[in-house]
Student: 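The structure that follows is given in the form of structure tokens.
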Protein chains: 2
Amino acid sequence: MSNYRSNEQTLPTNIPPDNFQLVDIFKALANNHRLKIYNILTRCCTPGTQCDSNDVFSCCVGELDSQLDIAPSTLSHHLKELNRAGLIHMKRDGKQVFCSVNTDMMKTLQHLFTE
Amino acid sequence: MSNYRSNEQTLPTNIPPDNFQLVDIFKALANNHRLKIYNILTRCCTPGTQCDSNDVFSCCVGELDSQLDIAPSTLSHHLKELNRAGLIHMKRDGKQVFCSVNTDMMKTLQHLFTE
DNA sequence: TCTATAATTCGAAATATGTCGAATTATAGA
DNA sequence: TCTATAATTCGACATATTTCGAATTATAGA
């Protein structure tokens with residue numbers, strides 16, 4: 001892929017994202033399933049579970065899959081997009097991959113419309 | 001078009017947008033040209049002009065066209081998308097159509113990532 | 001090492017989006 | 001009314017995105 005770009009490393013910093021990065025971010029959120037994934041990860045607690053609000057909520061791919069009614073390969077694709085845009089982190093632990101929101105990026109987005 | 005939806009009337013209110021509306025909003029911003037249009041309208045002043053910050057900056061379609069290097073029909077299409085998502089207002093005055101940001105929607109977006 | 005589970009990559013198909021030029025509509029002014 | 005300007009609609013085409021199932025990779029445990 002010749003024009004592959006990722007915000008995963010280039011963002012976040014103190015520098016606000018440029019237009020290219022922003023388009024990527026909005027593109028990542030401009031899909032029903034991806035927005036739902038992001039919302040799930042943003043809620044710090046799932047119903048019926050304890051929530052330590054100091055920790056960032058983290059959820060494995062399989063758990064997300066059970067809430068979404070899409071094929072695993074499709075979910076994998078969507079997670080890659082969210083990750084590429086810098087919106088979420090992904091970290092393998094054994095057989096599972098855990099996802100969590102990138103709180104720095106969240107802060108960046110908070111400032112976006114506020115300035 | 002059977003599943004045409006517009007946020008132009010249904011938003012903004014005090015009620016936060018639902019996921020469908022949000023996807024529409026992000027979709028509208030998830031394009032190079034449309035984001036640039038939105039940025040132009042968000043800046044209250046164009047270089048070399050006076051700015052009364054109490055007024056919302058307004059710009060006619062032709063003026064936007066001169067800054068964008070796309071066909072008028074393409075610009076028209078993009079403006080329709082931004083308008084449909086509820087991000088901008090459009091108002092004809094004589095031969096020209098003036099565009100401006102929907103400040104209520106802007107406020108809604110400010111609160112989105114903040115809650 | 002072999003097996004089962006978790007997740008990803010790949011390739012193909014269907015759908016959606018971005019773009020243009022030509023034709024059309026809306027308006028102001030001669 | 002006729003003409004020129006501003007903008008939109010329409011139809012066509014190219015490109016991008018979404019989705020799936022099949023095959024593959026990564027890992028833990030027997």
Side-chain angles (χ1 to χ4, degrees), chain A residues 1-6 8 19-20 22-38 40-41 58-85 87-100, chain B residues 1-6 8 19-20 22-38 40-41 58-85 87-100:
Chain A
M1 205 186 297
S2 67
N3 51 1
Y4 178 84
R5 277 179 299 112
S6 171
E8 203 186 341
N19 258 37
F20 279 121
L22 262 187
V23 166
D24 263 4
I25 291 164
F26 288 134
K27 225 174 243 185
L29 294 173
N31 173 276
N32 200 18
H33 294 310
R34 288 195 296 266
L35 187 58
K36 192 169 175 188
I37 293 165
Y38 192 73
I40 290 170
L41 296 176
S58 156
C59 187
C60 77
V61 174
E63 172 58 24
L64 289 171
D65 199 43
S66 72
Q67 299 185 45
L68 280 170
D69 199 38
I70 52 176
S73 56
T74 305
L75 174 57
S76 201
H77 164 72
H78 285 320
L79 290 173
K80 206 161 105 179
E81 291 297 303
L82 286 167
N83 184 242
R84 205 173 61 80
L87 285 160
I88 66 170
H89 293 303
M90 299 178 76
K91 186 165 184 285
R92 180 175 279 273
D93 179 12
K95 281 191 289 188
Q96 295 173 312
V97 171
F98 285 87
C99 307
S100 57
Chain B
M1 206 185 294
S2 67
N3 50 2
Y4 178 84
R5 277 180 299 112
S6 171
E8 203 187 340
N19 257 38
F20 279 121
L22 263 185
V23 166
D24 264 4
I25 291 163
F26 288 134
K27 226 174 243 184
L29 294 172
N31 172 275
N32 200 16
H33 294 309
R34 287 196 296 267
L35 187 58
K36 191 167 176 191
I37 293 165
Y38 192 75
I40 290 171
L41 296 176
S58 157
C59 188
C60 77
V61 174
E63 173 57 26
L64 289 170
D65 200 43
S66 72
Q67 298 186 47
L68 280 169
D69 199 38
I70 52 177
S73 56
T74 305
L75 173 57
S76 202
H77 164 72
H78 285 320
L79 290 173
K80 206 161 104 179
E81 292 297 303
L82 287 167
N83 184 241
R84 205 172 62 79
L87 285 161
I88 66 169
H89 294 302
M90 299 178 78
K91 185 166 185 286
R92 181 175 279 273
D93 180 10
K95 281 191 289 188
Q96 295 172 313
V97 171
F98 284 88
C99 307
S100 58

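Here is the naming used below: chain letters follow the sequence lines, and residue numbers restart at 1 for every chain.
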Student: Between D:dA6, D:dT27, D:dT19, which nucleotide has the shortest distance from any of its atoms to the side chain of A:K95?
Tutor: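 The answer is D:dT27, which lies nearest to the side chain.
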
Student: Would you mind reading off the distance between B:Q96 atom CD and C:dG29 atom P, rounded to a whole angstrom?
Tutor: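 B:Q96 atom CD is separated from C:dG29 atom P by 11 Å.
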
Student: Check DNA chain C against residues 69-77 of chain A and give the residues with a non-hydrogen atom under 4.0 Å, in numerical order.
Tutor: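 Here the set is A:P72, A:S73, A:S76.
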
Student: Under a 3.5 Å cut-off for both distances, is C:dA12 Watson-Crick or wobble paired, and to whom?
Tutor: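 For C:dA12, the partner nucleotide comes out as D:dT19, under the 3.5 Å rule.
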
Student: Looking only at atom types and distance, does a side-chain atom of A:D93 sit under 3.5 Å from a main-chain N or O of A:Q96, one as donor and one as acceptor?
Tutor: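 Pair absent, no side-chain N/O of A:D93 close to backbone of A:Q96.
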
Student: OP1 or OP2 of C:dT17 versus the side-chain N and O atoms of B:R34: is any pair under 4.0 Å?
Tutor: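 So the side chain of B:R34 is outside the cut-off, no N or O lying under 4.0 Å from OP1 or OP2 of C:dT17.
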
Student: Report the distance from atom NZ of B:K91 to atom C1' of C:dT27, rounded to the nearest whole Å.
Tutor: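 So the two atoms are 15 Å apart, to the nearest Å.
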
Student: In whole angstrom, what separates B:E63's CD from D:dA6's C1'?
Tutor: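 Checked: the CD to C1' distance equals 14 Å.
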
Student: CG of A:L79 versus P of C:dA6: gap in Å, rounded?
Tutor: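 Answer to the nearest Å: 16 Å.
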
Student: For the backbone of B:K27 and the side chain of B:R34, can you confirm whether one donor and one acceptor N or O come within less than 3.5 Å of each other?
Tutor: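 Checking the backbone N and O of B:K27 against the side chain of B:R34, a donor-acceptor pair under 3.5 Å is found.
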
Student: Decide side chain to side chain contact (heavy atoms under 4.5 Å, CB included) for B:L29 and B:L87; before the verdict, give the C-alpha distance in whole Å, the side-chain angles of both, and the deciding distance to 0.1 Å.
Tutor: CA-CA 9 Å; B:L29 294 172; B:L87 285 161; 3.8 Å; yes

Student: Could you state the atom-to-atom distance from NZ of B:K27 to P of D:dT17 in whole Å?
Tutor: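 Atom-to-atom, B:K27 to D:dT17, this comes out as 12 Å.
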
Student: Taking pairing as Watson-Crick or G-U wobble with both contacts under 3.5 Å, can you name the mate of C:dA28, or confirm there isn't one?
Tutor: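 In the structure as shown, C:dA28 has D:dT3 as its Watson-Crick or wobble partner.
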
Student: Using Watson-Crick or G-U wobble geometry with both distances below 3.5 Å, tell me the partner of D:dT8, or none.
Tutor: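 D:dT8 is paired, partner C:dA23.
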
Student: Is there a side-chain contact between B:L41 and B:S100, using heavy atoms and a 4.5 Å cut-off?
Tutor: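 In short, these two side chains do not touch, never coming nearer than 4.5 Å.
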
Student: Answer with base, sugar-phosphate or nothing: what part of the nucleic acid does B:D65 contact at a heavy-atom distance below 4.0 Å?
Tutor: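 Answer is nothing: B:D65 stays at 4.0 Å or more from every strand.
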
Student: What is the distance, to the nearest angstrom, from the CG atom on A:N32 to the P atom on C:dT15?
Tutor: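 So the two atoms are 17 Å apart, to the nearest Å.
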
Student: Contact between B:Q67 and B:I40 at the side-chain level, heavy atoms closer than 4.5 Å - yes or no?
Tutor: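 Yes, at least one pair of side-chain atoms sits under 4.5 Å.
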
Student: Strictly by Watson-Crick or wobble contacts shorter than 3.5 Å, is anything paired with D:dA14, and which nucleotide is it?
Tutor: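 Pairing partner, where one exists within any strand: C:dT17.
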
Student: For a quick test of reading the model, state the closest non-hydrogen atom pair linking B:I37 to B:L64 and the distance between them.
Tutor: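 Heavy-atom minimum between the residues: CG2-CD1, 4.2 Å.
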
Student: Could you work out which one of C:dA7, C:dG18, D:dA7 sits closest to the side chain of B:V97?
Tutor: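 Nearest to the side chain of B:V97 among the choices is D:dA7.
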
Student: Nearest-Å distance, CZ (B:F26) to P (D:dT17)?
Tutor: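 Spelled out: CZ on B:F26 to P on D:dT17 is 18 Å.
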
Student: Calculate the interatomic distance between B:N83 atom CG and D:dA7 atom C1'; express it in whole Å.
Tutor: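 Roughly 14 Å, once rounded to whole Å.
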
Student: Is B:H78 close enough to C:dT17 that one of its side-chain N or O atoms is under 4.0 Å from OP1 or OP2 there?
Tutor: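 It does not, given that no N or O in the side chain of B:H78 lies less than 4.0 Å from OP1 or OP2 of C:dT17.
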
Student: Look at B:N31 and C:dG18 and indicate whether a side-chain polar atom (N or O) is within less than 4.0 Å of OP1 or OP2.
Tutor: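 So the side-chain polar atoms of B:N31 do come within 4.0 Å of the phosphate oxygens OP1 or OP2 of C:dG18, strictly under.
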
Student: Where does the angle between the aromatic ring planes of A:F26 and B:F26 fall among parallel (under 30°), tilted (30 to 60°) and perpendicular (over 60°)?
Tutor: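 The arrangement is parallel - the two ring planes meet at less than 30°.
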
Student: Between the main-chain N or O of B:I88 and the side-chain N or O of B:N83, is there a donor-acceptor pair closer than 3.5 Å?
Tutor: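 Present.
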
